[in-house]
Amino acid sequence: MIDKGNINELAELVPITSLRNLVSDFKVTKGELFLNVKADSLVKTITFLKDDVNFQFEQLIDICGVDYLNREPRFDVVYHLLSISLNQRICVVVQVADKTPIPSAVSVYETAEWYEREVWDMYGISFFGNPDMCKILTESSFNDYPLRKDYPLNGSVKWSYDEKEQRLTAKSVDGII
Amino acid sequence: MSEVSDSSSPEQSREQKTSFFVTTMEKLADWARCSSIWISPFATSCCGVEMKQADLYSELEHLGAVFKKHHSKADVLVIAGAINGKTAPVLRSVYEQMPEPKWVIAMGACAINGGVYNQSYSVVEGCDKVVPVDVYVEGCPPKPEAFIQGIIKLKEKIKRIERQ
Ligand code: SF4
(Lines give C-alpha, C1' and ligand atoms only; values in the text may rest on other atoms or scores of the structure.)
Protein backbone atom coordinates (compact mmCIF):
# COMPACT_ATOMS: atom_id res chain seq x y z
CA MET A 1 0.00 0.00 0.00
CA ILE A 2 1.21 3.50 -0.81
CA ASP A 3 1.27 6.55 1.45
CA LYS A 4 -1.96 8.46 1.52
CA GLY A 5 -1.85 11.62 -0.53
CA ASN A 6 1.51 11.19 -2.27
CA ILE A 7 0.91 11.57 -5.98
CA ASN A 8 4.50 10.72 -7.02
CA GLU A 9 4.31 7.25 -5.49
CA LEU A 10 1.11 6.72 -7.42
CA ALA A 11 2.89 7.78 -10.61
CA GLU A 12 5.68 5.26 -9.93
CA LEU A 13 3.13 2.49 -9.92
CA VAL A 14 1.98 3.20 -13.47
CA PRO A 15 4.93 1.55 -15.33
CA ILE A 16 4.96 -1.53 -13.09
CA THR A 17 1.27 -2.43 -13.07
CA SER A 18 -0.86 -3.54 -15.98
CA LEU A 19 -1.49 0.15 -16.69
CA ARG A 20 1.73 0.17 -18.73
CA ASN A 21 -0.05 -1.64 -21.58
CA LEU A 22 -3.07 0.63 -21.44
CA VAL A 23 -1.58 4.09 -20.93
CA SER A 24 0.26 5.71 -23.82
CA ASP A 25 1.76 8.51 -21.76
CA PHE A 26 1.64 9.88 -18.20
CA LYS A 27 2.92 12.92 -16.32
CA VAL A 28 2.66 14.67 -12.97
CA THR A 29 1.86 18.37 -13.31
CA LYS A 30 0.88 20.76 -10.51
CA GLY A 31 0.32 17.92 -8.08
CA GLU A 32 -1.96 15.94 -10.39
CA LEU A 33 -1.33 12.74 -12.27
CA PHE A 34 -2.46 12.73 -15.90
CA LEU A 35 -2.83 9.51 -17.87
CA ASN A 36 -3.18 9.74 -21.64
CA VAL A 37 -5.02 6.74 -23.03
CA LYS A 38 -6.33 5.67 -26.42
CA ALA A 39 -10.08 5.59 -26.83
CA ASP A 40 -10.23 1.78 -27.19
CA SER A 41 -8.40 1.14 -23.90
CA LEU A 42 -10.37 3.74 -21.93
CA VAL A 43 -12.88 1.38 -20.33
CA LYS A 44 -10.18 -1.12 -19.37
CA THR A 45 -8.11 1.66 -17.80
CA ILE A 46 -10.85 3.10 -15.63
CA THR A 47 -12.03 -0.38 -14.65
CA PHE A 48 -8.50 -1.15 -13.49
CA LEU A 49 -8.23 2.19 -11.65
CA LYS A 50 -11.50 1.48 -9.89
CA ASP A 51 -10.80 -2.10 -8.87
CA ASP A 52 -7.05 -2.23 -8.19
CA VAL A 53 -6.08 -2.17 -4.52
CA ASN A 54 -3.34 0.42 -5.11
CA PHE A 55 -5.61 2.90 -6.84
CA GLN A 56 -9.20 2.43 -5.60
CA PHE A 57 -10.72 5.32 -7.55
CA GLU A 58 -14.28 4.74 -6.44
CA GLN A 59 -15.77 7.99 -7.67
CA LEU A 60 -16.09 9.66 -11.03
CA ILE A 61 -16.18 13.37 -10.25
CA ASP A 62 -16.70 14.82 -13.71
CA ILE A 63 -16.20 14.36 -17.42
CA CYS A 64 -15.11 17.44 -19.37
CA GLY A 65 -14.53 18.21 -23.00
CA VAL A 66 -11.71 20.46 -24.18
CA ASP A 67 -11.57 21.99 -27.66
CA TYR A 68 -8.12 22.66 -29.15
CA LEU A 69 -9.31 24.27 -32.32
CA ASN A 70 -6.22 23.90 -34.53
CA ARG A 71 -4.92 20.59 -33.19
CA GLU A 72 -5.41 17.19 -34.73
CA PRO A 73 -7.21 15.30 -33.17
CA ARG A 74 -9.26 18.26 -32.11
CA PHE A 75 -10.81 17.36 -28.74
CA ASP A 76 -9.77 16.07 -25.34
CA VAL A 77 -12.19 14.25 -23.06
CA VAL A 78 -10.98 14.41 -19.45
CA TYR A 79 -12.19 12.04 -16.73
CA HIS A 80 -11.65 13.24 -13.15
CA LEU A 81 -11.51 10.37 -10.69
CA LEU A 82 -11.37 10.51 -6.90
CA SER A 83 -10.18 7.88 -4.48
CA ILE A 84 -11.81 8.41 -1.12
CA SER A 85 -9.87 5.58 0.55
CA LEU A 86 -6.46 6.87 -0.54
CA ASN A 87 -7.27 10.60 -0.76
CA GLN A 88 -6.04 10.86 -4.33
CA ARG A 89 -7.23 12.43 -7.56
CA ILE A 90 -6.33 11.49 -11.09
CA CYS A 91 -7.11 12.72 -14.59
CA VAL A 92 -7.57 10.33 -17.48
CA VAL A 93 -7.30 12.10 -20.85
CA VAL A 94 -8.56 10.73 -24.18
CA GLN A 95 -7.85 12.53 -27.42
CA VAL A 96 -10.68 12.35 -29.92
CA ALA A 97 -11.22 13.69 -33.42
CA ASP A 98 -14.37 15.45 -34.58
CA LYS A 99 -17.36 13.17 -35.36
CA THR A 100 -15.64 10.14 -33.79
CA PRO A 101 -17.61 8.34 -31.09
CA ILE A 102 -15.73 7.04 -28.06
CA PRO A 103 -16.77 4.26 -25.66
CA SER A 104 -19.02 5.17 -22.76
CA ALA A 105 -17.93 4.81 -19.13
CA VAL A 106 -21.45 3.98 -17.93
CA SER A 107 -20.62 0.30 -17.45
CA VAL A 108 -17.97 1.29 -14.86
CA TYR A 109 -19.43 4.43 -13.28
CA GLU A 110 -23.19 4.87 -13.64
CA THR A 111 -22.92 8.57 -12.96
CA ALA A 112 -21.12 8.96 -16.29
CA GLU A 113 -24.44 8.95 -18.11
CA TRP A 114 -25.37 12.59 -17.47
CA TYR A 115 -21.77 13.85 -17.75
CA GLU A 116 -21.47 12.25 -21.17
CA ARG A 117 -24.74 13.76 -22.26
CA GLU A 118 -23.43 17.16 -21.21
CA VAL A 119 -20.21 16.68 -23.19
CA TRP A 120 -22.32 15.64 -26.18
CA ASP A 121 -24.50 18.70 -25.73
CA MET A 122 -21.66 21.19 -25.46
CA TYR A 123 -19.00 19.73 -27.78
CA GLY A 124 -20.74 17.22 -30.01
CA ILE A 125 -18.56 14.31 -28.89
CA SER A 126 -20.73 11.21 -28.85
CA PHE A 127 -20.35 8.13 -26.66
CA PHE A 128 -21.42 4.68 -27.76
CA GLY A 129 -22.86 2.44 -25.07
CA ASN A 130 -24.57 5.30 -23.25
CA PRO A 131 -28.19 4.17 -22.74
CA ASP A 132 -29.72 7.62 -23.25
CA MET A 133 -27.51 9.65 -25.57
CA CYS A 134 -29.56 12.83 -26.00
CA LYS A 135 -29.42 16.48 -25.07
CA ILE A 136 -29.47 17.41 -21.40
CA LEU A 137 -29.06 21.20 -21.18
CA THR A 138 -30.01 22.89 -24.43
CA GLU A 139 -33.42 22.80 -26.07
CA SER A 140 -34.08 20.00 -28.51
CA SER A 141 -34.34 22.29 -31.55
CA PHE A 142 -30.85 23.66 -30.87
CA ASN A 143 -28.46 22.09 -33.35
CA ASP A 144 -25.10 23.64 -32.41
CA TYR A 145 -22.43 22.88 -29.86
CA PRO A 146 -21.99 26.06 -27.85
CA LEU A 147 -18.68 25.42 -26.10
CA ARG A 148 -16.77 24.79 -29.31
CA LYS A 149 -14.24 27.52 -29.98
CA ASP A 150 -15.69 28.31 -33.41
CA TYR A 151 -19.21 28.84 -32.05
CA PRO A 152 -20.26 32.54 -31.87
CA LEU A 153 -20.12 34.03 -28.35
CA ASN A 154 -23.57 35.57 -28.51
CA GLY A 155 -25.16 32.50 -30.00
CA SER A 156 -26.82 31.77 -33.30
CA VAL A 157 -30.53 32.00 -32.41
CA LYS A 158 -32.74 34.39 -30.45
CA TRP A 159 -36.11 33.39 -29.01
CA SER A 160 -39.25 35.48 -29.23
CA TYR A 161 -43.03 34.97 -29.21
CA ASP A 162 -44.70 35.41 -32.58
CA GLU A 163 -48.15 36.97 -32.08
CA LYS A 164 -49.34 36.01 -35.56
CA GLU A 165 -48.30 32.38 -35.45
CA GLN A 166 -49.07 32.12 -31.70
CA ARG A 167 -45.94 30.23 -30.88
CA LEU A 168 -42.35 30.75 -29.81
CA THR A 169 -39.93 31.12 -32.69
CA ALA A 170 -36.16 30.96 -32.80
CA LYS A 171 -34.71 33.51 -35.19
CA SER A 172 -31.20 33.06 -36.58
CA VAL A 173 -28.80 35.92 -35.95
CA ASP A 174 -25.24 36.68 -37.03
CA GLY A 175 -22.81 35.56 -34.39
CA ILE A 176 -19.70 37.34 -33.13
CA ILE A 177 -16.84 34.87 -32.93
CA MET B 1 -77.72 44.10 17.04
CA SER B 2 -76.25 43.15 20.34
CA GLU B 3 -74.09 46.30 20.45
CA VAL B 4 -76.99 48.73 20.30
CA SER B 5 -76.75 51.32 23.02
CA ASP B 6 -79.71 51.62 25.31
CA SER B 7 -80.31 55.32 24.46
CA SER B 8 -81.68 54.60 20.94
CA SER B 9 -83.98 52.01 19.45
CA PRO B 10 -82.53 49.33 17.13
CA GLU B 11 -84.24 50.81 14.04
CA GLN B 12 -82.81 54.26 14.62
CA SER B 13 -79.28 53.06 15.01
CA ARG B 14 -79.48 50.98 11.84
CA GLU B 15 -80.68 54.00 9.89
CA GLN B 16 -77.82 56.10 11.15
CA LYS B 17 -75.27 53.49 10.12
CA THR B 18 -76.68 52.83 6.66
CA SER B 19 -74.90 54.58 3.80
CA PHE B 20 -74.39 53.76 0.13
CA PHE B 21 -72.13 54.52 -2.79
CA VAL B 22 -72.50 54.32 -6.55
CA THR B 23 -69.95 52.54 -8.70
CA THR B 24 -69.71 50.36 -11.76
CA MET B 25 -69.25 46.63 -11.70
CA GLU B 26 -65.87 46.98 -13.44
CA LYS B 27 -64.52 49.41 -10.89
CA LEU B 28 -65.70 47.22 -8.08
CA ALA B 29 -64.02 44.22 -9.70
CA ASP B 30 -60.77 46.16 -10.21
CA TRP B 31 -60.86 47.28 -6.60
CA ALA B 32 -61.30 43.68 -5.52
CA ARG B 33 -58.55 42.47 -7.83
CA CYS B 34 -56.00 45.04 -6.74
CA SER B 35 -56.73 44.28 -3.10
CA SER B 36 -56.11 40.56 -3.39
CA ILE B 37 -53.09 39.92 -5.55
CA TRP B 38 -52.34 36.24 -5.71
CA ILE B 39 -48.80 35.68 -6.86
CA SER B 40 -47.37 32.69 -8.65
CA PRO B 41 -43.56 32.70 -8.58
CA PHE B 42 -41.57 31.69 -11.66
CA ALA B 43 -38.16 31.74 -10.03
CA THR B 44 -35.32 30.46 -12.18
CA SER B 45 -32.28 31.87 -10.41
CA CYS B 46 -30.92 34.03 -7.59
CA CYS B 47 -33.66 36.70 -7.73
CA GLY B 48 -36.09 34.06 -6.52
CA VAL B 49 -34.41 34.17 -3.12
CA GLU B 50 -35.05 37.90 -2.81
CA MET B 51 -38.65 37.36 -3.88
CA LYS B 52 -39.24 34.81 -1.15
CA GLN B 53 -37.46 37.16 1.24
CA ALA B 54 -40.14 39.75 0.47
CA ASP B 55 -42.69 37.12 1.47
CA LEU B 56 -41.30 37.20 5.01
CA TYR B 57 -42.04 40.93 5.26
CA SER B 58 -45.49 41.57 6.64
CA GLU B 59 -45.97 44.47 4.17
CA LEU B 60 -46.77 42.04 1.42
CA GLU B 61 -49.83 40.70 3.19
CA HIS B 62 -50.93 44.19 4.13
CA LEU B 63 -51.09 44.84 0.41
CA GLY B 64 -53.20 41.75 -0.09
CA ALA B 65 -50.46 39.89 -1.92
CA VAL B 66 -50.16 36.20 -1.18
CA PHE B 67 -47.90 33.56 -2.71
CA LYS B 68 -49.78 30.65 -4.27
CA LYS B 69 -48.34 27.25 -4.99
CA HIS B 70 -49.93 26.78 -8.38
CA HIS B 71 -50.18 29.26 -11.22
CA SER B 72 -53.72 28.20 -12.14
CA LYS B 73 -54.96 29.93 -8.98
CA ALA B 74 -52.92 33.10 -9.39
CA ASP B 75 -53.42 36.50 -11.04
CA VAL B 76 -49.84 37.68 -11.10
CA LEU B 77 -46.82 35.86 -12.48
CA VAL B 78 -43.52 37.03 -11.05
CA ILE B 79 -40.57 36.11 -13.26
CA ALA B 80 -37.46 36.18 -11.12
CA GLY B 81 -34.31 35.21 -12.95
CA ALA B 82 -32.93 34.47 -16.38
CA ILE B 83 -35.10 32.80 -19.02
CA ASN B 84 -33.23 30.63 -21.50
CA GLY B 85 -34.27 28.88 -24.66
CA LYS B 86 -35.28 25.76 -22.79
CA THR B 87 -37.49 27.50 -20.21
CA ALA B 88 -39.06 29.98 -22.65
CA PRO B 89 -41.72 27.50 -23.92
CA VAL B 90 -42.45 26.48 -20.31
CA LEU B 91 -42.89 30.11 -19.29
CA ARG B 92 -45.22 30.72 -22.21
CA SER B 93 -47.42 27.73 -21.38
CA VAL B 94 -47.50 28.69 -17.68
CA TYR B 95 -48.64 32.15 -18.73
CA GLU B 96 -51.30 30.75 -21.03
CA GLN B 97 -52.65 28.45 -18.31
CA MET B 98 -53.23 31.32 -15.90
CA PRO B 99 -56.84 32.54 -15.71
CA GLU B 100 -57.73 36.01 -17.04
CA PRO B 101 -57.21 38.75 -16.03
CA LYS B 102 -53.49 38.30 -15.44
CA TRP B 103 -50.47 40.48 -14.94
CA VAL B 104 -46.74 39.84 -15.13
CA ILE B 105 -43.92 41.34 -13.06
CA ALA B 106 -40.36 40.99 -14.38
CA MET B 107 -38.01 41.00 -11.43
CA GLY B 108 -34.29 41.66 -11.80
CA ALA B 109 -31.95 42.53 -14.63
CA CYS B 110 -31.98 39.00 -16.04
CA ALA B 111 -35.74 38.95 -16.48
CA ILE B 112 -35.79 42.51 -17.85
CA ASN B 113 -33.16 42.17 -20.58
CA GLY B 114 -30.90 39.23 -19.85
CA GLY B 115 -28.74 41.15 -17.36
CA VAL B 116 -25.17 39.92 -17.20
CA TYR B 117 -26.08 37.11 -19.61
CA ASN B 118 -27.47 39.52 -22.19
CA GLN B 119 -25.03 38.47 -24.93
CA SER B 120 -25.12 34.79 -24.06
CA TYR B 121 -26.05 32.10 -26.55
CA SER B 122 -28.82 30.55 -24.48
CA VAL B 123 -30.46 33.36 -22.50
CA VAL B 124 -33.53 35.14 -23.90
CA GLU B 125 -32.91 38.88 -24.01
CA GLY B 126 -35.74 39.83 -21.71
CA CYS B 127 -38.81 37.85 -20.76
CA ASP B 128 -40.96 40.46 -22.55
CA LYS B 129 -39.90 38.68 -25.74
CA VAL B 130 -41.93 35.70 -24.48
CA VAL B 131 -44.81 37.10 -22.40
CA PRO B 132 -46.24 40.64 -22.06
CA VAL B 133 -44.84 42.35 -18.96
CA ASP B 134 -46.65 44.97 -16.85
CA VAL B 135 -44.15 45.99 -14.20
CA TYR B 136 -40.35 45.89 -14.29
CA VAL B 137 -38.47 45.76 -10.99
CA GLU B 138 -34.85 46.69 -11.59
CA GLY B 139 -31.76 45.59 -9.73
CA CYS B 140 -29.37 42.68 -9.59
CA PRO B 141 -30.93 41.47 -7.40
CA PRO B 142 -33.68 43.96 -6.45
CA LYS B 143 -34.09 44.45 -2.72
CA PRO B 144 -37.24 42.93 -1.20
CA GLU B 145 -38.43 46.52 -0.66
CA ALA B 146 -38.11 47.13 -4.40
CA PHE B 147 -40.27 44.09 -5.06
CA ILE B 148 -42.89 45.43 -2.65
CA GLN B 149 -42.71 48.75 -4.51
CA GLY B 150 -43.35 46.78 -7.70
CA ILE B 151 -46.50 45.29 -6.17
CA ILE B 152 -47.69 48.80 -5.23
CA LYS B 153 -47.07 49.97 -8.81
CA LEU B 154 -49.03 47.00 -10.10
CA LYS B 155 -51.95 47.86 -7.80
CA GLU B 156 -51.96 51.39 -9.21
CA LYS B 157 -51.93 49.97 -12.70
CA ILE B 158 -54.85 47.62 -12.03
CA LYS B 159 -56.90 50.51 -10.62
CA ARG B 160 -56.17 52.74 -13.61
CA ILE B 161 -57.15 50.19 -16.25
CA GLU B 162 -59.17 51.94 -18.97
CA ARG B 163 -61.98 49.98 -20.50
CA GLN B 164 -63.37 50.41 -23.96
S1 SF4 C 1 -30.73 39.84 -11.99
FE2 SF4 C 1 -28.89 39.33 -10.80
S3 SF4 C 1 -29.70 38.43 -8.91
FE4 SF4 C 1 -31.36 38.41 -10.41
S5 SF4 C 1 -31.28 36.40 -11.37
FE6 SF4 C 1 -30.07 37.80 -12.63
S7 SF4 C 1 -27.97 37.57 -11.86
FE8 SF4 C 1 -29.33 36.72 -10.32
### Task
With a 4.5 Å cut-off on heavy-atom pairs, point out which of A:D144, A:D162, A:L137 contacts chain B the most.
A:L137
### Task
Is it possible for you to say whether A:I136 and A:W120 belong to one hydrophobic cluster, with membership spreading through side-chain heavy-atom contacts below 4.5 Å?
yes
### Query
Side chain, backbone, both or neither: which part of B:S122 has a non-hydrogen atom closer than 4.5 Å to chain A?
neither
### Query
Closest approach of B:K86 and A:E139, non-hydrogen atoms and distance?
N-OE1, 3.5 Å
### Message
Parallel, tilted or perpendicular: which one describes the rings of B:Y121 and A:F142, with boundaries at 30° and 60°?
### Response
tilted
### ILVMFWY cluster, A:V78 and A:V92 together (side-chain gap under 4.5 Å)
no
### Task
For B:K153, look at atom NZ and say whether over 12 heavy atoms of other residues, nucleotides or ligands are found less than 6.0 Å away.
no
### Query
Counting only heavy atoms not in A:E110, do more than 12 fall under 6.0 Å of its CD?
no
### Message
Within the supplied structure, the quantity of interest is the number of heavy atoms (other residues, nucleotides, ligands) at a distance under 6.0 Å from B:Q97 CD; does it exceed 12?
### Response
yes
### Task
Please flag which part of B:V130 lies under 4.5 Å from any non-hydrogen atom of chain A: side chain, backbone, both or neither.
both
